[in-house]
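Before any comments, here is the structure.
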Amino acid sequence: MVGDEPLFDFTRDVSRRTVMRAGGGLAVFGIAAPAEGSFVPEDFDVTPLQEMEEVDVEPEGLQYFTIQQARVVHDLTGRIYPSDDMGPGAPEAGVVYFVDHQLNSAWGRGENWYMHGPFAGRDPTDPFQSDDAAAQADTDVPWGETTPAQTQGWQYPLAPNEAYDRGIAAIEEHVQSAYDAASFADLEDEQQDEIVAALEADEVDTFEGTGISAGDFFALVYQNTLEGMFSDPMYGGNREMVGWRLKGFPGTPGALGSYRDLIGDGEYIELQEGDYRELADDVASLGIGDDNE
Amino acid sequence: MVQQLDPVDVVTVGAGWTGGIIAKELAQNDYQVVSLERGGERETENFFTVHDELGYALRYKLMQDLSKETITFRNTPEETALPMRRYGAFLPGTGEGGAGVHWNGVTWRFLPYDFQIRSRTIDRYGEGKIPDDMQLQDWGITYEELEPYYSTFERTAGIAGQAGNIQGETQDGGNPYEGPRADDYPLPPMQQTPALERFADAASGLDYNPFMQPSANLTEQYTNPDGVQQGQCQYCGYCERFGCEWGAKASPITTVLPAARETGNYELRTHADVIELLYEGSEGRVNGVRYVDRETGDVYEQRAEVVALTAYVLNNVRLLLVSDIGEPYDPETGEGVVGKNYCYQNFGANATGFFDDEAWNLYMGAGALGTAIDDFNGDNFDHSDVDFIHGGNVSISQTGARPIANNPVPEGTPAWGSEFKRQSVENYHSTLGISAQGSVMPFRTNYLDLDPNYTDDYGRPLLRMTFDWNEQDRNLVEYIGPYLEEIVQEMGADTVEATTSLEGSFDITPYQSTHNTGGAIMGADPADSVVNSYLQNWDAENLFVPGASAFPHNSGYNPTGTVGALAFRAAEGIQEYLNDPRQLVSP
């Protein structure tokens, strides 16, 4: 019968090192893979949260944005999830690099989105509005005058990377007309906050004609900001696990790690939001790291 | 050129729970079975790097590729439907194991009431209780008839739970409202946690009947009746939208598909996208299916004695419609059956408690780890004085608070900036929520048909969904919501926020539930159903269409337990049909 030889011996304590080599899945340690065959929490040198510094925005690290676009997104995400007395935020987590890398991925190019026309609000028979006019010319819906309902979701003919290009340009245009400055990145925090609030409220005029509303662009940046704060550091944000440490999320129990012996316990496990040493020790006490020799 | 392949006994369209169950049952009885799966192969080893919230939960690694095929959506028949261009409200899976790989694992039986909902409603409240445009139907099968198949599914999957009613005897700690079970669950319930206990104590204090909800996250290592072994749940908190690296969440790839392969009578062809069923209307049969090999572009016809249409709900209905099988439903006249009674799930009633001085390890969890009460579900309470029927199961779940998606803040908190940051960090470990999983009844203008404007990448029409909430749904939320608020207060929360009304139209953008149901419904009469109680199609006698597409309405529970039971029932029907080809049920 099936199952005489199980895929794994579930009773054996599977070597996590083996799994790490096989799949690299021990996400909590993802920023600094331990030397072959060793795991000693002290070996992990991460900056205490309060000493984390803002990342440099340099052209070398960018895959999609121009340096000017990157400076805008760095500040935009920094106002959404700021550095403050509580601790570091998007500027320290390197969220701009996360967003940049995402826009250079299949997701950023909209490769898994349905992007065929007709698009509501655009006339498919107008060659300047549609790429596949011939295919759509025979429909009897007045597409140009059709307004999507809010409940129907994203109806722009734009992938995320195109939405960023247009959104950033509209913000810069708004800054230049309303603030007597060259770029959003040149404004004071309070001025940037005004603009973020206006984006959220869908009240930035320069978005007219860009093909995306200010409110929907805000929603996209907002979602990406949280993703860049709290996703696995391998995606380019959440540097030194800053988001996880801030929140008291212990990474993950790793591939083939377990909370089974802890979950029923009444005790709340206090994960210090301070330095990584304490976090690593707590992680070890959760049974995650201590058998990594 | 279309290449003809040698005929087989049974071909299944997809290799998820329903296709896998049918494949296993028939292959074990020496029939030759082929499954055509549009996605790729999957096995447990694929999930060693699964603890990646971005990749799996937010970039939808295990879901259907919308660039190739999606649905269009509108709220009412007067509107123009537009494509679901990116994911939101629900997440159809793809690949070997289908949505059965990325589910949470909550595995209910529906109530005896569900299967006879129309007649029982009329018996207890009179015909006037059913609004004119609510197309309420009995299922053509009773709970008692379906009970053995539920039992088989639970033993095959290894469901962990606390029985509430074994052969009419009420069991302590179980759900007192459940239909009688022949036997206990194969595995003991999941671990109680402090957060769940808080809910259970509050519910008991208010004289409700809390119990651990049934789970396909296995509580012990388990060898099922087919000899397939699964692992033990480690409560890592990565179930829904993820696969399990422990092989500890029952799925087709950990249960029925390995058992089917073991027979030597089963072949799974991946990247095989079925585009049409070969329907011979004059003969009342389907000759097989036509499919495209996604990797080569080659087109094949696979002939079979029996075709099992075992795709996801939405694709089952679409393949019937594009293959011209059965009369499409017309909401104007109420005539026609294919696409009728599309239903969903209503999570409108919920309550959240913020606790100032308490915290829990909420990042630990499991997809089906939860405590529930059924006091507001089905007809478990008197509906004489309310303007709705049915209800919803109420539960607290501890599925694992992953950090991107979990940023709880009290009402009035700005959505961004320092105050948002402070509140979302402080409340991350200190917020408990409960919700009602509201049932959804069928209404005249909620249905599925083919879209006139949009096509997939083969040029076939997309499926069009027309759906909105009705007074039934709003009244249900207004009734149950305040009880949820009271429970969370009883749990000792310092701040309680409850949603006690269902505002606006159904919105396809925020995630709600992948419990889409209906469109190819079962029943006793070909005039108002697509399949009989064996899930055998009324128009093509060698076509079986199991899945949640067969539900005439959606209950106040997760659907997979009932999907699994009906698939075992369909497998039995297919065997009977192969022994003696005929309509198995006379109308």
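Just so you know, these numbers come straight off a predicted model, no measurement behind them. Chain A is the first sequence line, chain B the second, and so forth, proteins listed ahead of strands; every chain is numbered from 1.
Residue contact with chain A, scored on non-hydrogen atoms closer than 4.5 Å, involves the side chain of B:L462 exclusively. The part of B:M84 that comes within reach of chain A is its backbone (N, CA, C, O), which places non-hydrogen atoms under 4.5 angstrom from that chain. With a 4.5 Å cut-off on non-hydrogen atoms, A:E200 touches chain B through its side chain but not through its backbone. Of the two parts of B:F73, the backbone and the side chain both hold a non-hydrogen atom closer than 4.5 Å to a non-hydrogen atom of chain A. Only the backbone of A:S83 comes within less than 4.5 Å of a heavy atom of chain B; no side-chain atom from C-beta onward does. Contact annotation for A:A197: both backbone and side-chain heavy atoms come within less than 4.5 Å of a heavy atom of chain B. Heavy-atom distances place both the backbone and the side chain of B:A415 under 4.5 Å from chain A. Only the side chain of A:Q102 comes within less than 4.5 Å of a heavy atom in chain B; its backbone stays farther off. If you measure heavy-atom distances from B:R422 to chain A, the contacts under 4.5 Å come from both the backbone and the side chain. Heavy atoms of B:N361 lying under 4.5 Å from chain A belong to its backbone as well as its side chain. Neither the backbone nor the side chain of B:A195 comes within contact range of chain A; no heavy atom of the residue lies under 4.5 Å from a heavy atom of that chain. At a 4.5 Å heavy-atom cutoff, the contact between A:W154 and chain B is made by backbone and side-chain atoms alike. At a 4.5 Å heavy-atom cutoff, the contact between B:R74 and chain A is made by backbone and side-chain atoms alike. No part of A:D85 comes within reach of chain B, as not one of its non-hydrogen atoms sits under 4.5 angstrom from that chain. Neither the backbone nor the side chain of B:L362 comes within less than 4.5 Å of any heavy atom of chain A. For A:E267, the part lying near chain B is the backbone, with the side chain staying farther off; criterion is any non-hydrogen pair under 4.5 Å.
When B:E53, B:R59, B:Q398 are compared by the number of non-hydrogen pairs under 4.5 Å with chain A, B:R59 comes out ahead. Heavy-atom pairs under 4.5 Å with chain B were tallied for A:G243, A:G110, A:G87; the largest tally goes to A:G87. Put simply, of B:N406, B:D65, B:N224, the one with the most heavy-atom pairs under 4.5 Å next to chain A is B:D65. Listed options B:P452, B:A89, B:G504, B:S418 were ranked by heavy-atom pairs under 4.5 angstrom with chain A; first place goes to B:S418. Among B:L82, B:T70, B:D457, the residue making the largest number of heavy-atom pairs under 4.5 Å with chain A is B:L82. Ranked by heavy-atom pairs shorter than 4.5 Å toward chain B, the options A:P88, A:G89, A:A106 are led by A:P88. The choice from B:Y87, B:Y454, B:F506 that makes the most heavy-atom pairs within less than 4.5 Å of chain A is B:Y454. Ranked by non-hydrogen atom pairs under 4.5 Å with chain A, the options B:M63, B:E426, B:K421, B:Q191 are led by B:K421.
Around CD of A:Q150, the count of heavy atoms belonging to other residues, nucleotides or ligands within 6.0 Å does not exceed 12.
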Can B:D507 and A:T151 be said to form a side-chain hydrogen bond (donor to acceptor under 3.5 Å, both in side chains), step by step?
-> CA-CA 4 Å; B:D507 183 346; A:T151 59; 5.6 Å; no
Stepwise side-chain hydrogen bond (donor to acceptor under 3.5 Å, both in side chains) test for B:E245 and B:H51 = CA-CA 9 Å; B:E245 82 272 28; B:H51 292 181; 3.2 Å; yes
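Ring geometry, B:Y238 versus B:F242: the interplanar angle exceeds 60°, so the pair is classed perpendicular (tilted spans 30 to 60°).
For the pair B:K24 and B:E262, the salt-bridge criterion is not met [side-chain N within less than 4.0 Å of a carboxylate O]. A salt bridge is absent between B:D456 and B:K68; no separation between the charged side-chain nitrogens and carboxylate oxygens falls under 4.0 Å. Salt bridge annotation for A:E194-A:R79: absent, with no cationic side-chain nitrogen under 4.0 angstrom from a carboxylate oxygen.
A:M115 and A:Y156 make their closest contact through CE-O, 4.0 Å (heavy atoms, listed as atom of the first residue, atom of the second, distance). Taking all atoms of both residues into account, the shortest heavy-atom contact from B:Y428 to A:F249 is OH-CD1, 3.1 Å.
B:Q229 and B:Q221 form a side-chain donor-acceptor contact under 3.5 Å, judged by distance and modelled atom types alone.
For the atom pair CG (A:L199) and CG (A:D216), the distance works out to 11.5 Å, reported to the nearest 0.5 Å. Atom CD in B:E43 sits 12.5 Å away from atom OG1 in B:T254 (nearest 0.5 Å). Taken to the nearest 0.5 Å, the CE atom of A:M241 stands 10.0 Å off from the CG atom of A:D232.
Counting heavy atoms from C-beta on, the side chains of B:Y344 and B:W469 come closer than 4.5 Å.
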